[in-house]
Asks: 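So that we are looking at the same thing, I have put the structure below in structure tokens.
Per chain, numbering begins at 1; letters A, B, ... match sequence-line order.
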Protein chains: 2
Amino acid sequence: MSLTTGRRMMDQTVASPPDAAVSGVLTQLYGFLSAARLPDDGRLPPERELAELLGVKRAELRKGLAVLEREGQLWRHVGKGTFVGPRPPQLLDISDLAQRSNPLQVMKARIGLEPELARLAAINATAAEVTTLAELNTACRASTTWREYEAYDARFHHQIAEAAHNPILLALLETLNAVRRAVTWGRPRPSHSSPPADHHSFDDHDRIVDAIAHREPAGAADAMRRHLQNVEDRLIGRSP
Amino acid sequence: MSLTTGRRMMDQTVASPPDAAVSGVLTQLYGFLSAARLPDDGRLPPERELAELLGVKRAELRKGLAVLEREGQLWRHVGKGTFVGPRPPQLLDISDLAQRSNPLQVMKARIGLEPELARLAAINATAAEVTTLAELNTACRASTTWREYEAYDARFHHQIAEAAHNPILLALLETLNAVRRAVTWGRPRPSHSSPPADHHSFDDHDRIVDAIAHREPAGAADAMRRHLQNVEDRLIGRSP
DNA sequence: GTTTCAACCAATTTCAAAATGGTTGCAATC
DNA sequence: GATTGCAACCATTTTGAAATTGGTTGAAAC
């Protein structure tokens, strides 16, 4: 019953009713799944073996497995096997990800992550962390080259992520930064010029530091969001 | 050469001019690096080979390589080799991260990520993706076990992330989910009971789907934020 | 006492063979 | 004639042994 509800969902092809033909295998499969003692990783026997175990042909078994896979109750992969449970996410390949991304998408991701980090930082930052943050902000202003500015800017944002005291979000931001570096590769900044004294980021950073120092979570998130929005606008070419 | 080096293995102190003994090898190394045609990955020959090429002892070569490595001009790894350029960023260790985290921090991370994903989904989702999302929502309601519900719930949230059409944020959410599974392990749900018909998530999901279907970015982000806030409240024990 | 050399260690790569899900072509069966 | 059964084949992955490679040690040599 729950079988039929799940199957109709993804049925992209023309409605041929294989229900009756497959239902027998499905019942056997459910019986096996509840009876068999599976290994910790949830792997079940190879198709050729399982087919013999259940006394069905391999093609028939595969139809049943396909149904269960569409329901999301198991997942399969060539060379690996068949496993019960949801399909595990493919682990992160930075360079591959960078190739499939562009700087604008990186900015969208930063806008997704960093305001919340600023919010948490306003709640959880220690006094020492706020001090360090202010110092990094000062160092940004004092930078004489773009390269130096970017180094301090990166540490500024990283310091906020640390002050949020959430190891997961911190790790996600570091991953994002790795992608950012990989994406940005190949489009170097001018190394001789320096950030102008009225660079918009300076004021943005001030507001972020103030909000965190004054323990204003909403204000910190908002200041960060506006800052990144400004950066994105510059990136797009709006208000250069 | 007759100098008393008194060198400790991990002498991390401020960069002092390299010993006279090492400078010879360093010059040879610099010469080799500028002359040799290295493969694309920047890998240079194995130490044993390179030592013979330069006509120096392996121990001596290693001293020079150590200097260059400290300068950040190359990086080495056992079994891999020696490569010119900066050391590639280490990708994160899920299980280690899970050990340093708790379910509440996972929720904070979700609140940081998923509202923005919902916002982008309201902008970028295709009609087919919205349809699939609605179907997954229906499947959640129709679930007869917690296990089945959670499977559909996970796919629901994943579908939103896909509909956002931002590979970076999608990858970050998948990473987060991997951590979530690792953290949640060991506290199984009752497998026989089923989600109550008035489960708060049902209405929450409805609002999210509506906002995305009606292309309301702010509304989608808000609905998602409220949903996750509800889940967090349940997690903490407030309003069980 | 330092240097040199060879051996050893641990992490990784490489290579071939086996395993495994996915597919195809052809014959058998109804 | 369409479905089913069967076997072979394909592409990916795992496995395991051997070779590779950076890192380390200890004794011999100078």
Side-chain angles (χ1 to χ4, degrees), chain A residues 12-14 16-25 29 32 38-70 72-85 87-88 90-91 93 96, chain B residues 1-12 19-22 24-25 29 32 38-70 72-85 87-88 90-91 93:
Chain A
Q12 311 261 24
T13 62
V14 188
S16 56
D19 299 356
V22 191
S23 65
V25 190
L29 265 174
F32 176 83
L38 296 178
D40 288 350
D41 56 358
R43 179 182 189 181
L44 42 87
E47 290 181 352
R48 295 159 173 86
E49 227 173 277
L50 186 54
E52 196 172 6
L53 263 172
L54 302 184
V56 300
K57 300 308 167 194
R58 191 183 163 207
E60 201 177 356
L61 168 65
R62 281 180 58 76
K63 288 176 190 168
L65 290 176
V67 171
L68 264 49
E69 186 180 29
R70 275 197 294 271
Q73 304 208 16
L74 55 81
W75 62 278
R76 305 184 276 181
H77 195 293
V78 192
K80 283 190 162 74
T82 306
F83 304 80
V84 301
R87 179 184 302 272
Q90 57 176 10
L91 45 78
D93 181 345
D96 169 69
Chain B
M1 166 184 281
S2 56
L3 296 173
T4 64
T5 56
R7 177 190 309 110
R8 287 281 191 278
M9 202 51 158
M10 280 307 183
D11 212 347
Q12 297 279 18
D19 305 0
V22 197
V25 189
L29 265 174
F32 176 83
L38 296 178
D40 288 349
D41 57 356
R43 179 181 188 180
L44 42 88
E47 291 181 352
R48 295 160 174 84
E49 229 175 274
L50 186 54
E52 195 171 6
L53 263 173
L54 302 184
V56 300
K57 300 307 167 192
R58 191 183 165 208
E60 201 177 355
L61 168 64
R62 282 180 57 75
K63 287 174 189 169
L65 290 176
V67 171
L68 292 184
E69 186 178 30
R70 274 197 293 272
Q73 305 208 18
L74 54 82
W75 62 277
R76 304 183 277 180
H77 196 296
V78 192
K80 283 190 161 74
T82 306
F83 303 81
V84 302
R87 180 183 302 272
Q90 63 170 4
L91 32 81
D93 180 347

Asks: Starting from P on D:dT13, measure out to CZ on A:Phe83 and report it in whole angstrom.
Replies: 12 Å
Asks: Treating A:Arg43 as the side-chain partner and A:Lys80 as the backbone partner, does any N or O pair qualify as donor plus acceptor under 3.5 Å?
Replies: yes
Asks: Quick one: is A:His77 getting a side-chain N or O under 4.0 Å of the D:dT12 phosphate, OP1 or OP2?
Replies: no
Asks: Side-chain N or O of B:Thr82 versus OP1/OP2 of D:dT21: is the shortest distance under 4.0 Å?
Replies: no
Asks: OP1, OP2 of C:dC5 versus side-chain N and O of B:Lys57: anything below 4.0 Å?
Replies: yes
Asks: Take atom CD of A:Glu52 and atom C1' of C:dT20, then tell me their distance rounded to the nearest Å.
Replies: 16 Å
Asks: Quick check: does any side chain N or O of B:Arg62 sit under 3.5 Å from a backbone N or O of B:Lys57, one acting as donor and the other as acceptor?
Replies: no
Asks: Need to verify one output field. Residue with the more 5' nearest nucleotide on DNA chain C, B:Gly79 or B:Arg58?
Replies: B:Arg58
Asks: What is the distance, rounded to the nearest whole Å, between atom CG of B:Leu44 and atom P of D:dG22?
Replies: 8 Å
Asks: Rounded to whole angstrom units, what separation is found between the CD atom of A:Glu47 and the C1' atom of D:dT12?
Replies: 14 Å
Asks: Taking 4.0 Å as the cut-off, does a side-chain nitrogen or oxygen of B:Arg62 come that near to OP1 or OP2 on D:dG23?
Replies: yes
Asks: Check the distance between C:dA10's P and B:Lys80's NZ and give it to me in whole angstrom.
Replies: 18 Å
Asks: What nucleotide, of D:dT12, C:dT20, D:dT21, holds the atom closest to the side chain of A:Arg43?
Replies: C:dT20
Asks: Please pick, from D:dT13, C:dT12, D:dG22, the nucleotide with the shortest atom-to-atom distance to any side-chain atom of B:Arg76.
Replies: D:dG22
